Amino acid sequence: MHYVIIGNSAAGVFAAEAIRGLDSSGKITIISEENNRPYSRCLTSYYIGEEIDQDRIYIRDANFYAATGIDFIPQKVEQVNDTEKSVTLQSGEIVGYDKLLIATGASPYSLPVEGLDLEGVFELRTLEDARRIMDFAPHVKEAVVMGAGLVGLKGAHALHELGIKVSIIVNSRIMSRSVDPHTGQIITELLEQDGYEVIYNTKLSKILGQDKVEGVCLSSGKEIPCQLVLMAAGVSPNVDLVKNTGIEVNKGIIVDKHMQTTVPHIYAAGDVAEAYHAVWDEKRVISIWPVATAQGTVAGSNMAGVERIYEGSVGSNSAVFCGVGVVSAGIPYLPTGEGKELSTYDKVTKRYRKFIVKDDILVGMIMVGDIDGAGILTAMIKQKTKVSLDTLNYWLNHPVRFQGYCTAEAKGGIVCGIC
């Protein structure tokens with residue numbers, strides 16, 4: 001049996017290990033256009049900011065491939081040939097497979113902005129991106145970050161740690177997919193107190209300079225001098241290699257509960273996959289590390305012939321802004337008239353808690369400042385736990401404690417109180 005895995009990050013690595021644990025003799029080939037051993041993309045910003053050294057980025061030893069009997073090919077895959085059960089590499093080489101996993105991740109959006117080719121314009125997706133930014137940073141006094149999602153904010157933090165003055169351009173809201181407007185405002189206040197400039201309701205119109213970045217012009221007409229621009233306006237799944245195949249694609253590659261695509265023997269996992277979302281009760285792309293590892297493990301197990309069901313995941317994010325922790329999970333807010341939202345806020349300490357409930361089920365939460373109990377709440381969201389409003393109102397201002405709670409299915413819809 002020949003297992004081919006395209007992608008060398010979380011989903012691909014965890015899939016390979018699941019396969020090897022179940023099939024000691026099968027041939028495993030990992031193909032990646034990045035010629036690195038497995039590393040955590042989540043840590044690249046901390047590497048730039050000199051908060052960790054390079055060794056801490058890697059998630060596997062240098063002898064990982066040899067120790068697990070994996071062949072590694074450092075090339076880009078241009079095309080999946082589903083009818084011939086093969087993939088075509090950039091070099092023209094064709095690699096056949098019996099089972100295939102597509103774990104190609106996602107790539108940053110490329111905005112149609114003049115000046116993207118100037119020296120000093122960067123993205124932050126790969127370890128090589130991080131190294132290039134680190135090499136360039138000594139020449140930078142001012143930087144502009146285009147985008148206020150988690151990648152943009154972590155990149156801004158890294159540059160700030162290097163003593164660079166950072167301006168963050170926010171088109172609509174900070175972390176708009178993860179937190180509500182109130183949390184975004186708290187984060188803004190924390191950033192501004194720490195010396196960041198946060199500019200709302202505008203877009204990047206043009207990057208200024210001849211050969212090197214000298215500044216940016218915003219759609220508002222404002223010009224900001226800078227020597228570095230970090231483009232972090234979001235990502236899109238890398239699905240081009242499955243064009244002209246029978247693999248169904250929406251925003252990402254559609255997969256079933258086994259992480260299998262619409263073509264037999266071809267699987268997808270990680271940021272490229274569109275799988276079941278436990279809260280929205282539909283298929284969605286969730287681009288976070290824990291989801292990629294879980295999906296990779298499920299895909300690898302099924303590829304090796306041992307059935308494993310992907311139960312779905314809950315979108316969750318955690319970060320620290322200027323020493324203040326922020327955690328969110330599930331749905332950050334509901335349309336007007338749907339469900340109930342309970343919240344409390346202390347303006348002095350920045351402590352904020354919000355619980356989102358629909359049909360007596362906890363479907364979302366946000367915690368700022370005091371984040372103890374976030375894991376309990378995230379598990380409740382994933383398991384669709386029914387919970388009383390009295391319990392949630394208590395938890396708004398008291399520690400979240402857990403001695404056993406029930407899911408709606410387990411108790412036939414009985415609502416739990418404070419345990």
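Computed from a prediction, not measured in an experiment: that's the story for all the values here. Residue indices begin at 1 and follow the sequence shown.
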Gly69 backbone acceptor or donor facing Arg20 side chain under 3.5 Å: yes
May I ask you to test the Tyr3-Asp23 pair for a side-chain heavy-atom distance under 4.5 Å? yes
Please answer whether the main-chain N or O of Gly300 pairs with a side-chain N or O of Arg308 as donor and acceptor at a distance below 3.5 Å. no
Kindly check if the number of other-residue, nucleotide or ligand heavy atoms within 6.0 Å of CD (Glu192) is above 12? yes
Flag the pair Thr385 / Leu362 as yes when at least one side-chain heavy-atom distance between them is below 4.5 Å, and no otherwise. no
Rounded to the nearest 0.5 Å, the CD atom of Gln260 sits from the CG atom of Asn302 at a distance of 8.0 Å
So for atom NZ, which belongs to Lys85, do other residues, nucleotides or ligands contribute more than 12 heavy atoms lying within a distance under 6.0 Å? yes
Is there a side-chain contact between Tyr200 and Ile174 in this structure, where contact means two heavy atoms from C-beta onward sitting under 4.5 Å apart? yes
Applying salt bridge (Lys or Arg N to Asp or Glu O under 4.0 Å), run through Lys283 and Glu274 and close with a yes or a no. CA-CA 6 Å; Lys283 292 183 178 181; Glu274 193 165 322; over 6 Å; no
Here the pair of heavy atoms bringing Ile288 nearest to Ser316 is CD1-O, 3.4 Å
Using every non-hydrogen atom in the two residues, find where Ser9 and Trp289 come nearest and quote the distance to one decimal. OG-CZ3, 3.7 Å
d(Gln79 CD, Asp240 CG) to nearest 0.5 Å is 9.5 Å
Gap separating the OG atom of Ser220 from the CG atom of Asn201, nearest 0.5 angstrom: 10.0 Å
Tell me whether Glu341 contacts the main-chain N or O of Leu334 through its side chain, where contact means a donor paired with an acceptor under 3.5 Å. yes
Decide yes or no on side-chain contact (heavy atoms from CB on, under 4.5 Å) for Val216 and Ile169, but give the supporting numbers first. CA-CA 11 Å; Val216 299; Ile169 310 305; 5.6 Å; no
Distance check, rounded to the nearest 0.5 Å: Ile371 atom CD1 versus Ser328 atom OG? 11.0 Å
Indicate yes or no: at least one non-hydrogen side-chain atom of His157 is less than 4.5 angstrom from one of Leu191. no
May I have the step-by-step check of salt bridge (Lys or Arg N to Asp or Glu O under 4.0 Å) for Asp271 and Arg41, ending in yes or no? CA-CA 12 Å; Asp271 294 1; Arg41 298 190 192 280; over 6 Å; no
Could you go step by step and tell me if Glu119 and Phe136 meet the side-chain contact (heavy atoms from CB on, under 4.5 Å) rule? CA-CA 9 Å; Glu119 183 180 1; Phe136 194 79; 3.6 Å; yes
Is the side chain of Thr245 donor-acceptor paired with the backbone N or O of Asp82 at a distance under 3.5 Å, no angle test? no
Given side chains that start at C-beta, do those of Lys350 and Glu189 come closer than 4.5 Å, heavy atoms only? yes
Give a yes or no answer on whether the side chain of Lys99 reaches the backbone of Met303 with a donor-acceptor pair at less than 3.5 Å. yes
Side chains of Ile52 and Leu43: does their closest heavy-atom pair fall under 4.5 Å? yes
Do you know which two heavy atoms are closest between Met134 and Ile48, and how far apart they sit? CG-CA, 3.7 Å
I want to check something: taking the side chain as every heavy atom from C-beta on, are Gln75 and Ser91 in contact at a cut-off of under 4.5 Å? yes
Point-to-point distance, once rounded to the nearest 0.5 Å, from CD1 of Ile6 to CD1 of Ile73: 10.5 Å
Asp180 pairs by side chain to side chain donor-acceptor pair (under 3.5 Å) with which of Gln185, Arg173, Lys354? Lys354
Can Asp346 and Tyr352 be counted as having a side-chain donor-acceptor contact under 3.5 angstrom? no
Might you point out which heavy atoms bring Ala269 and Ala299 nearest each other, and give the distance in Å? CB-CB, 4.4 Å
Plane angle bin for Tyr196 and His160 - parallel if under 30°, tilted between 30 and 60°, otherwise perpendicular: parallel
Relative to the ring of Tyr58, is the ring of Tyr39 parallel (under 30°), tilted (30 to 60°) or perpendicular (over 60°)? perpendicular
Under 3.5 Å donor-acceptor, Asn8 side chain and Ile30 backbone: no
Please assess Val242 against Val249 for the test side-chain contact (heavy atoms from CB on, under 4.5 Å), listing each intermediate value before the final yes or no. CA-CA 9 Å; Val242 301; Val249 175; 3.7 Å; yes
Flag, side chain of Asp194 to backbone of Leu190, donor-acceptor distance under 3.5 Å: no
Lys358 meets the side chain to side chain donor-acceptor pair (under 3.5 Å) criterion, sequence neighbours left out, with Glu338
Which heavy atom of Ile247 sits nearest to which heavy atom of Thr262, and what is that distance? CA-OG1, 3.3 Å
How long is the gap from CG on Asp360 to OG on Ser388, to the nearest 0.5 Å? 9.0 Å
Result for side chain to side chain contact (heavy atoms under 4.5 Å, CB included) between Cys226 and one of Leu230, Leu228, Val229 points to Val229
Gln295 side chain to Ala273 main-chain N or O, any donor-acceptor pair under 3.5 Å? no
Report yes or no: does Arg132 contribute a side-chain atom to a donor-acceptor pair with the main-chain N or O of Phe122 at less than 3.5 Å? no
Do Thr29 and His2 meet the criterion of a side-chain donor-acceptor pair at a distance under 3.5 Å? yes
Between Val113 and Met146, does a side-chain contact (heavy atoms from CB on, under 4.5 Å) hold up when you go through it step by step? CA-CA 11 Å; Val113 176; Met146 180 61 226; over 6 Å; no
Please check if the number of heavy atoms outside Arg177 that lie under 6.0 Å from its CZ is greater than 12. no
For Asp370 and Arg353, what are the C-alpha separation, side-chain angles and deciding distance, and is it a salt bridge (Lys or Arg N to Asp or Glu O under 4.0 Å)? CA-CA 8 Å; Asp370 179 5; Arg353 283 190 178 177; 3.3 Å; yes
Does Asn250 have more than 12 heavy atoms from other residues, nucleotides or ligands lying within 6.0 Å of its CG? yes
Run the numbers on Tyr276 and Asp281 for side-chain hydrogen bond (donor to acceptor under 3.5 Å, both in side chains), then give the verdict. CA-CA 7 Å; Tyr276 178 66; Asp281 199 27; 2.7 Å; yes
Which heavy atom of Lys154 sits nearest a heavy atom of Cys42, and at what distance? NZ-O, 2.6 Å
Between the side chains of Glu34 and Thr126, does any donor sit under 3.5 Å from an acceptor? no
Strictly distance-based, threshold 3.5 Å: is any side-chain N or O of Glu78 a donor or acceptor partner for the main-chain N or O of Thr88? no
Indicate yes or no: at least one non-hydrogen side-chain atom of Leu89 is less than 4.5 angstrom from one of Val77. yes
Applying side-chain hydrogen bond (donor to acceptor under 3.5 Å, both in side chains) to Ser219 and Thr202, what does each step give before you reach the verdict? CA-CA 6 Å; Ser219 57; Thr202 189; 3.0 Å; yes
